[in-house]
Every structure is written in structure tokens, then in C-alpha cells.
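See below for the structure under consideration.
Reminder, nothing fancy here: chain letters follow the sequence lines and each chain counts from 1.
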2 protein chains.
Amino acid sequence: MPAPELSSRQLRAFTALAEQRNFTRAAQTCHLSQPAFSALIRTLEETLGARLFDRDTRSVQLTPEGRLFEPSARRLLDDMQGAIGDLADHAQRRKGRVSVAALPSLAAGRLPAILAEFMQAWPGITVELHDALSDACIAQLRSHQADFALAATGAGAAAASDLRGRKLCGDRFHLVCRKDHPLAGAARLTARQLAPWPFIQMARNSSVRQSLDAALHPLRLNAVFEVEHLATVMGLVEAGIGISVVPELTLFHFQRETLVTRPLPLPGLTRTIYLVQRREGSLSVAAQTLHDLILERLGAPA
Amino acid sequence: MPAPELSSRQLRAFTALAEQRNFTRAAQTCHLSQPAFSALIRTLEETLGARLFDRDTRSVQLTPEGRLFEPSARRLLDDMQGAIGDLADHAQRRKGRVSVAALPSLAAGRLPAILAEFMQAWPGITVELHDALSDACIAQLRSHQADFALAATGAGAAAASDLRGRKLCGDRFHLVCRKDHPLAGAARLTARQLAPWPFIQMARNSSVRQSLDAALHPLRLNAVFEVEHLATVMGLVEAGIGISVVPELTLFHFQRETLVTRPLPLPGLTRTIYLVQRREGSLSVAAQTLHDLILERLGAPA
DNA sequence: GCGCTTTACGCTGCGCGTAAGTATC
DNA sequence: GATACTTACGCGCAGCGTAAAGCGC
């Protein structure tokens, strides 16, 4: 035999009749006319090659083979219901999991409020957040540890053939220095003005540093420190050790009485934030929903 | 939603496409035209309320939701196949179980050859044999420990409303005595002739005894022993302690040099063997097959 | 332009409901 | 004769195949 066909309707009809032991009532349960229901049972019996019910006009009951089949039928129906239900839960966002990789600045700055909103809207969906530098974000995306990533163009990955990035927003750089620093009150700020001052750099693999290097090249800064974290930058600046230049999205680190932040309106001195995903393979419903929410909340209309 | 429909065809189409990742090939696998196959997948996706495949013209692959559904679909198909296969095995007698309750005389005498034949023909079917007196046979039948029973009419159960018995064969009684006993050579045998001699009785609850009592009533025998087993009767008779009268089917106990067995052509002195089953509920395929074989091998055309 | 999926469309037949038939109590 | 399953029958629509049309490379 090539392949026995079996449908959930037949299974439901079978269990209904096994319970009711009466064609007329079981037919009503299945919303069928009694003859149609009868035919359904007959077809099932023919398909399975076994008589499942003994029916003399007065009584209907399972044959030994029918009794054998009954638990299987019920389990099949339950499993079907389970599989369908589970899928529906995911499709309707009652269940799910999203994993986002994001730059530390976004992960600490603007993402939390968005994630909170998302989690409140879809409480059944588990959200995972990986805060990592751009390269690590992209790596996690490639290795399927993240569904999508919020990273800077510096990674150079947006153009890679296996990934697909869309611009989320630009992120202009600001000078940060102490309130008592001469640049805090300077009339106009230019790149040349910054160069002499002791400068706190970020590590070379940070997108902040990469954007900065690219924009200021070939200008050389007077780097006195090279650190990993923006919080450290803040501490060093606050201590009067130097100045720094950081993107707008990181300014929350520097909102202090003792410090001043000033936009640097230099052409090209902008970091671009990308929303990156794998080119092959769509996002899960849950991931797509968070993706769209982030796009809506962070996306620049430009 | 009232009840999501799902058929094995849809599940097979789904797994085929998940494997092949190509509509055209998957359609061939399912013996469908490609557009028909396409529609089948679309219907499935609509039924489940979730997109299962990403298809741009160049490539087809599972969505995250599709990947979620895939193991469920495979398991459902396997379970279906298993349930159908198991049922078919029973219907085609590759598997099964029959339980027969039979009188000791039949269980030891004529049944074994029939059971051997049955077991050889259907090696996958397990046979259970309960040798018990008529009453116990009927009790096992009622309690579903036996599928059917070979018992004597003496149980009075053949007429019971919950049982259905059909006559299998009559079983005429024979005198058994030592070769040197006067009756061994008597010209004609009558009931009265037997009465004086020391007589070995079977227990009152045996069908042999019940048939005998009923046929000879009101004649009183000279009972000297009342034992449970025919083998004991044989021993006692062989020892010269007495004579006895037993049904033909038990004569294999008495086929000995020292003994003589003689038909007793007395009217009414016949035990009837019935093939009894429950009135409600049919026999399993396996049980019906053995039932029919027994009927064929033991049944009297009369 | 080629390969693959989707849409269009006519057709067959499965499966439905209504109504008549049959068997059992 | 009442009840409940089966058979008969006409009909609509789901689902098929063929053919034509998008759509990415």
C-alpha cells in the first residue's frame, strides 16, 4: 500500500462515536448529517482495513480492533491539538523568544525602554539581550545566537553578502569635557581645536573609536588613555585627565554637574546605527515584532 | 475557532517540502502537480495561521515557525503510521492474542493439535489456554479472561441471556473397566447392569458427573469414590477398585492394555460440547479465526 | 531569458444533505 | 410501528491538472 490517508475529521468522528455509541448523536457532535457521518466511519474502516464498530440496529460498540485503535486515535488528536496550539501561540505572540545583540550604548541607553514596552505588550515572549561591541554583535548574529543586531557601520558587515542591514539612525559626536575646561566655553568648535588637548580614547575595536578615526583622519589626537568602557571615559574626564568625543547615544553617561557636552558639527563625524539581520531566513514572528518596534521607536525618518 | 482540520496528506506535503526545499520535486514525491501541491501548502499555512515556508523564487526554506512545527509534524506522521500499522497487523493476524477456556478433556485431548495448527498458521498471535471445568470456563468468559469457551451444556449457561452458545459436538459416554471385569465381555450393556458394581464418580461440579446424573436419574449407582481428575479415575479403575463411565473425548486417558472401553448406547447419555461466547461484543480477528478453526475441526456436521 | 512559483480556469469526483429503505425490538 | 443505521440520489464545491502569468536571477 502506498500511503494510508487519515484526517483529523475521521479521528474525531471515531472518538465521538466511541464515546456516544450512537451514530445520530455522534453525527450531531461532528456537525454532520447522520448518513454523512456514517459514510465517514465506513471510509475510515476501509482505509484502516478493519471493522472498528459492531453495529446492530439497537447498539453500537467498539470491536476489539476498535478498542485497540481508540487510545492511538485520542493521542493523535491530542498531539495534533498540541502542535497546532503551540504554533498558534507563537504566531499570535503568546509564546516565543527573541534574541537581540546590541551595542552597549544602545543596550544601556535607549533599548531598555523599548524592551520594557515590548515585554509588557507580549508577556509570553522571552527576550534575550546581548550587549557587545559591533564585531561581537555581528558574530552572534552569524552564529544564530542573535536574531538581529543593532550595530554600527564600523563593523563593515552591513555590506556582507550573508547579511542585510538597514540604517536605523545617525549618531552625531559630541565633545565631553569638564565645565572648567577652556573648550567648554569656546565660541566655535573645530577638529583642530581638539587636537592639542589630552584625549581619552576608546579601544580600537569599538565602533566609537572607529568612527572617530575615520572622520578625523589624518588628524592626530593627543591620546593619553585608551579604555574599554565609556563609564571609564567619564571618570577620567571628570577627573580632569582629558577630554573625549563620543556619540550622542552615549551621552547619558556624561549627564553630570561637573561636565559639559557640546555637539561637534563636523562633517562626516557621525556614527551610523544599523539594524542587521541575516539575509537568508526570515525572522520569527516574535523577532519581527521587536524588530519593527525598534525600527519605529529608533528609526530616523530620514 | 471550532476545530482546526489537519490531514496526513498535508503533513506529508509539509515534510516533503521541508526536506526537498523545492516545490516541484516535493510535488513529485507526493504524486501531485506542482500547482496542486502549492495550494496544499497554502491551505495548510492558512489552517495553522502561520507562514511555514519562506519562498523567494530562487529558494524555499522553513520559517522559524515552520522549524518549530517540523518535529511535531514528523512525530504525528510516525505515530499515525504506527497506529495504522499496528491495527493492520491485528487485522491481518500478524499480531494478536486469543484466550480460550476449555474443559480439561478438550484441553488435553483434541485441542492441542488444533492450537498447534493455529499457531503455525499465525505465528504472531499469542494463544492462551485455560483448562477449567465448565462453570469456571463460563466464569472466565464472563469476566473477559477468555474470548470464548468450550464447555458442556451442564453449566446451564448456554441459555443465559448474556451468552451465546452453539453446539459443537455431542460426546457419548463409554464404560471403562478392567479387561478382566465381567462387564468387559457382556453381550449387551444397560444402565441397570452397571448399578451394582463399585463405581468411580467424578466431582459433582464436573460436566461429566452432571451429564451422567441427568441421564441415569433416578437410577442410583454404587459410588465408592468421588474424585477430581480423570487420571485418578483411570488409576482407580486400573487398580480394580471400580468401574466408571466417561465421555468419548476423555477416552485417551484410558487407552491401556489393562483396560477396556465400551460405548454405552443409552438414549440421553450424551454430553454436548458448546462453543460459547459473550452475546455482546464481537470476537477479535484473532479470536474469530481460532473460533472458526475449532468449529471446523471439531464441529459435527449434524 | 531561464527556472521556479503563483494565478487562472475548466473539470471531475468526493462528500454533503434529503429522502427512501431495511432491520431489529 | 418506532427507532436507528444503511442505501439511493442529486448537487455543490473542494481540489486536481493544464496552461498562462509573475518574478528573481
- [ ] Name the nucleic acid region contacted by B:A36, choosing base, sugar-phosphate or nothing; use a 4.0 angstrom heavy-atom cut-off, strictly under.
- [x]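 Sugar-phosphate contact only.
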
Nearest to the side chain of [X], heavy atoms from C-beta on, is which of [options]?
| X | options | result |
| --- | --- | --- |
| B:L32 | D:dT6, D:dC16, D:dA4 | D:dC16 |
| B:D56 | C:dT6, D:dC5, D:dC25 | D:dC25 |
| A:Q34 | D:dG17, C:dG17, D:dT6 | D:dT6 |
| B:P35 | D:dC5, D:dT18, C:dG17 | D:dT18 |

Whole-Å gap separating [atom2] ([N]) and [atom1] ([X]):
| X | N | atom1 | atom2 | answer |
| --- | --- | --- | --- | --- |
| B:L17 | C:dT5 | CG | C1' | 11 Å |
| A:D54 | C:dA23 | CG | P | 18 Å |
| B:Q61 | D:dG24 | CD | C1' | 15 Å |
| B:L40 | C:dT6 | CG | P | 13 Å |
| B:L44 | D:dG15 | CG | C1' | 15 Å |
| B:R42 | C:dT6 | CZ | P | 8 Å |
| B:F23 | D:dC16 | CZ | P | 14 Å |
| A:E5 | C:dC14 | CD | C1' | 14 Å |

Do the side chains of [X] and [Y] get close enough for a salt bridge, i.e. N-O under 4.0 angstrom?
| X | Y | value |
| --- | --- | --- |
| B:E5 | A:R12 | yes |
| B:E45 | B:R55 | yes |
| B:R164 | B:E280 | no |

Does [N] have OP1 or OP2 under 4.0 Å away from a side-chain N or O of [X]?
| X | N | value |
| --- | --- | --- |
| B:R9 | D:dC16 | yes |
| A:S38 | D:dT6 | yes |
| B:T24 | C:dG3 | no |
| B:R55 | C:dT6 | yes |

- [ ] Could you tell me how the ring of B:F53 sits relative to the ring of B:F14: parallel (under 30°), tilted (30 to 60°) or perpendicular (over 60°)?
- [x]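 Judged by the thresholds at 30° and 60°, the geometry between B:F53 and B:F14 is tilted.
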
Open item on the list: If I compare all heavy atoms of B:R271 with all of B:L103, which pair ends up nearest, and what's the gap?
Closed with: NH1-CD1, 3.8 Å

